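Computed over heavy atoms, backbone and side chain alike; hydrogens, waters and symmetry mates excluded. What you are looking at is a predicted structure, and each value in this text was computed from that prediction instead of being measured. For the single chain, residues carry numbers from 1 onward in sequence order.
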Amino acid sequence: MEKFVIHGGNKLHGNINISGAKNAALPIIAASVFANDVCRIENVPDISDVRMMIKILEFLGAEVARPEPNVILVDPRNVTPVTIPDKMTSKLRASYYLLGALLSKFGKACVALPGGCYFGVRPIDQHLKGFEALGARISFSGSAMIDGDAPDGLRGNLVYLDIASVGATINIMLAAVFAEGTTIIENAAREPHIVDMACFLNACGAKISGAGTSMIRIKGVEKLHGCTYELAPDMIEAGTYMVAAAATGGRICVRNVVPKHMESISAKLREVGIPLEITENSITVSGVSSFRGTEIRTNPYQ
């Protein structure tokens with residue numbers, strides 16, 4: 001059995017380069033099926049979720065290469081909308097992004113539920129609501145298979161999300177890329193990886209505006225081309241190292257970050273008395289011997 005053995009009591013010191021954001025990598029790799037040419041995606045984290053998403057794309061017919069560390073080349077020109085089975089989706093929550101991508105490009109998709117879970121446990125109702133608003137017909141085959149069908153193509157529409165769901169926002173963006181007319185998503189999630197997703201699609205020729213705000217507008221296009229795109233750094237990974245430095249009383253320079261993405265955690269570290277040194281793309285956190293109290297409350301990203 002694999003395990004971690006951690007011997008505590010030591011201050012953490014050093015420099016760490018932050019890898020690309022997992023929550024951007026997975027939907028962007030899925031979105032590469034749109035292109036009519038090769039997509040080069042850089043700063044890709046080498047993690048099991050990414051490897052599984054690549055396997056799913058290869059299962060669909062894409063050719064994927066790794067010419068150098070943290071870089072993948074996706075050639076999607078032979079992708080076909082075959083059924084993605086539970087044995088693949090059960091290992092990857094983000095597999096649901098293939099539903100929006102395939103539905104948009106081919107007008108049909110059949111994807112097993114993420115994680116193979118009962119639908120009520122991990123609901124994707126806001127995703128399906130968006131697909132149906134664009135004209136798709138959604139049905140279920142068996143207990144864990146989603147069938148999406150849009151024989152007449154998808155059409156732009158206004159979609160209001162009941163909650164600011166990151167997954168639903170991205171999936172509806174994907175579904176709307178080739179939809180006729182304009183789609184508007186209201187109460188959209190605002191996380192940096194949604195902006196990353198929109199920037200990647202726009203680099204391929206999409207017409208998306210408003211990402212990072214509560215209203216995203218997608219004007220449908222007829223085709224997308226390949227591009228070279230570098231993923232933004234992972235703010236969750238960066239925040240973990242920042243807190244680790246503070247908690248152990250050490251000093252860590254977190255490199256390859258976007259300081260603006262870290263403002264909420266930087267503010268709380270300062271409130272408890274942790275000094276920070278911030279440059280254009282790094283944050284150095286130095287621990288102290290004692291902390292002040294503060295209040296922490298979680299909210300949707302704004």
Side-chain angles (χ1 to χ4, degrees), residues 2-29 40-51 53 66-72 94 166 189-200 203 211-212 228-302:
E2 295 182 359
K3 62 182 178 181
F4 292 105
V5 178
I6 302 171
H7 301 282
N10 298 313
K11 296 180 179 181
L12 300 181
H13 293 274
N15 304 314
I16 184 74
N17 289 316
I18 300 304
S19 57
K22 179 199 78 167
N23 289 333
L26 297 173
I28 284 175
I29 293 171
R40 177 185 171 96
I41 308 173
E42 301 175 346
N43 200 28
V44 179
D46 185 13
I47 57 176
S48 60
D49 278 6
V50 165
R51 293 192 289 271
M53 183 64 84
R66 288 176 174 268
E68 54 190 276
N70 305 114
V71 174
I72 65 171
V166 172
R190 308 180 190 183
E191 275 76 355
H193 38 281
I194 291 175
V195 177
D196 226 11
M197 179 82 259
C199 289
F200 168 77
T228 295
Y229 189 80
E230 181 177 354
L231 299 177
D234 195 315
M235 62 181 186
I236 299 175
E237 180 185 344
T240 300
Y241 285 112
M242 290 170 64
V243 171
T248 64
R251 178 181 171 87
I252 296 178
C253 179
V254 182
R255 296 172 172 172
N256 185 35
V257 296
V258 178
K260 182 174 178 58
H261 294 172
M262 310 309 301
E263 286 178 348
S264 59
I265 195 165
S266 295
K268 287 302 173 182
L269 288 174
R270 285 196 176 104
E271 285 179 19
V272 301
I274 301 296
L276 306 178
E277 300 170 28
I278 300 178
T279 70
E280 183 179 353
N281 58 8
S282 72
I283 302 175
T284 300
V285 181
S286 301
V288 294
S289 57
S290 61
F291 305 106
R292 295 190 295 267
T294 190
E295 178 181 347
I296 296 176
R297 179 181 302 171
T298 59
N299 283 305
Y301 188 93
Q302 297 181 358

Steps toward side-chain contact (heavy atoms from CB on, under 4.5 Å) verdict (T284, V254): CA-CA 6 Å; T284 300; V254 182; over 6 Å; no

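- Separating the CD1 atom in I296 from the OG1 atom in T298 is a distance of 10.0 Å, to the nearest 0.5 Å.
- Here the CD-CE distance, from E191 to M235, works out to 6.0 Å after rounding to the nearest 0.5 Å.
- The two residues V50 and A25 make their nearest non-hydrogen contact at CG2-CB, 4.2 Å.
- Identified under the salt bridge (Lys or Arg N to Asp or Glu O under 4.0 Å) test for residues 244-266, with sequence neighbours left out: R251-E277.
- The closest side-chain heavy-atom distance from S266 to I283 is below 4.5 Å.
- A distance of 8.5 Å separates CG in N17 from SG in C253, rounded to the nearest 0.5 Å.
- Nearest heavy atom pair, residue N70 against residue D46, reads ND2-N, 4.2 Å.
- V285 approaches M242 most closely through the heavy-atom pair CG1-O, 3.6 Å.
- The closest donor-acceptor contact from the side chain of D196 to the backbone of A24 lies at 3.5 Å or more, if one exists at all.
- Contact check for I236 versus N23: side-chain heavy atoms found under the 4.5 Å cut-off.
- The minimum heavy-atom distance between A246 and L269, with the atom names listed, is CB-CD2, 4.0 Å.
- Two residues are said to be in side-chain contact when any heavy atoms from C-beta on lie closer than 4.5 Å; P45 and L231 meet this criterion.
- Looking at every heavy atom in both residues, H261 comes nearest to Y301 through CA-OH, 4.0 Å.
- When side chains are defined from C-beta on, V195 does not count as touching R190, because their heavy atoms never get closer than 4.5 Å.
- Counting heavy atoms from C-beta on, the side chains of I18 and Y241 come closer than 4.5 Å.
- Proximity of a side-chain donor or acceptor of T248 to a complementary backbone N or O of L12 within less than 3.5 Å is detected.
- For V288 against G273, the heavy-atom pair with the smallest separation is CG1-O, 3.7 Å.
- Counting heavy atoms from C-beta on, the side chains of M262 and I278 never come closer than 4.5 Å.
- Looking at heavy atoms from C-beta onward, I41 lies in side-chain contact with I72 at the 4.5 angstrom threshold.
- Between F291 and I274, the closest side-chain pair of non-hydrogen atoms falls below 4.5 Å.
- The line from CD1 of I47 to OG of S19 is 7.5 Å long, rounded to the nearest 0.5 Å.
- Every residue two or more places apart in sequence or in another chain that forms a salt bridge (Lys or Arg N to Asp or Glu O under 4.0 Å) with R40 is listed here: E42, E68.
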